[in-house]
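Shown next, in structure tokens, is the structure this report addresses.
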Number of protein chains: 2
Amino acid sequence: MPRPREFEPDTVLNVAMLRFWERGYRATSIEDLVKATGVKPGSLYSAFPGGKHALFLKSLERYSRLVVPEKLGALEASDASVAEIRGYFDGLVRDLLSPEGRQGCLLVNTAIEKAAEDDEAAAVVRGHLARLERCMTHALENATRRGQVRASLDCTGSAKLLVATCQGLMVVGKANPDETLLRAIVDNAFAALG
Amino acid sequence: MPRPREFEPDTVLNVAMLRFWERGYRATSIEDLVKATGVKPGSLYSAFPGGKHALFLKSLERYSRLVVPEKLGALEASDASVAEIRGYFDGLVRDLLSPEGRQGCLLVNTAIEKAAEDDEAAAVVRGHLARLERCMTHALENATRRGQVRASLDCTGSAKLLVATCQGLMVVGKANPDETLLRAIVDNAFAALG
DNA sequence: GTTGTTCTTGAATGGTCGCTCATATACGTT
DNA sequence: AACGTATATGAGCGACCATTCAAGAACAAC
């Protein structure tokens, strides 16, 4: 009996995610989203109770669910090893150097912009970091078994370092998207695995 | 003959720097600074032509000039070596774990929040990264001469990696200020220097 | 066709933003 | 004491912010 929705909430959420991703939370206004989607404020607020902040948290979740797996690629597979870690880093560098990828990672941006003042957002970021660390650890363990890294490697510790390295890569890449520099960082990170 | 200034511009600039540091550019309003300093908008704008953005750039420069040297400490000395790099990293970890240091680094925050849209700010950030890299390279060269790291170490490449690592450390620390995690990252970064 | 329910619409709310300007004020000079 | 100059003041500018709400509209059930 009710009047049917004339827009797809997921479409709006996707636009919101993209804006938050490339411009950040504060720099993205509801009016931006209204203009970009054609959905009027009233409809937007009734479709997303909790307003801008709820929309932001849902954007983070959508990013984790749809964008992150695409970037991780084979690194989340159970047989991932050094090559898959390398593939992930190479993908990061490629993104940072391309016009579309300069926005970096929504979750890294969020860690800096909002983690200190927004516990819910910080929790999503922590979940992402833990997920990265889990992948990396698993891949390093596979690599150790296959003799692709030195036997003395501390897999869990090195995984934590690799996670920090890729966060740092994105900070550096955002200020200075220089291919030589970014590749040097990645090469040296892998040289350390022996 | 003119009426004398009743406030010290440097004091205002210092307050601005601190606010930008802990809350970011967008989240800091001129009214914040007016309330914090007692200097009225008109006086503030006449003392800092160019408004908020000029005040921000001057804050970045002040940070580079006063805060960064304090954090780098002995790492900028010509005889710096591994111990000084280690000291710098330990200082970062200590800061990230303390209530006053949770704001991280103004220049890292700026890289994420504004580098993509603000060339002038990005240039200051790039200068900072270059400065860090210079210190690290020099310290690693000293360390090589003294046999404190493996002879095969690529000093310039490892320096770039160390710079990225400390940026990453601050991203991770902001979302997850966990001492064990941060120390593991630092320990593994140094283990790689062999 | 009437009713009930949900959605759409867009004007409007109260607040904050960065910034300006007319006016008043305090000094050194004369 | 009068003047010229640079500052202090703070109300006020237009723009934008997130959010709300009363009114109209589209459907299913009856």
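Residue numbering restarts at 1 for every chain, and letters A, B, ... go by the order of the sequence lines. In this text, all values refer to a predicted model and were calculated from it rather than measured experimentally.
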Legend entry - All side chain to side chain donor-acceptor pair (under 3.5 Å) counterparts of B:Arg65, not counting sequence neighbours: none

Inset, instruction - Spell out protein contact along nucleotides 7-20 of chain D as letters: B when the base is contacted, S when just the sugar-phosphate is, - when no protein heavy atom is under 4.0 Å; keep the 5' to 3' order. - result: BSBB------SSBB

Inset, instruction - Under the side chain to side chain donor-acceptor pair (under 3.5 Å) rule, collect the residues that match up with A:Lys71, sequence neighbours excluded. - result: A:Asp95

Inset, instruction - Please name all residues satisfying side chain to side chain donor-acceptor pair (under 3.5 Å) with A:Glu8, sequence neighbours left out, ordered by chain then number. - result: none

Inset, instruction - Please identify each residue that fulfils side chain to side chain donor-acceptor pair (under 3.5 Å) with A:Asp187, with sequence neighbours left out. - result: A:Arg86

Inset, instruction - Mind jotting down which residue pairs meet the salt bridge (Lys or Arg N to Asp or Glu O under 4.0 Å) criterion with at least one end in residues 35-48 of chain A? Sequence neighbours excluded, please. - result: A:Glu31-A:Lys35

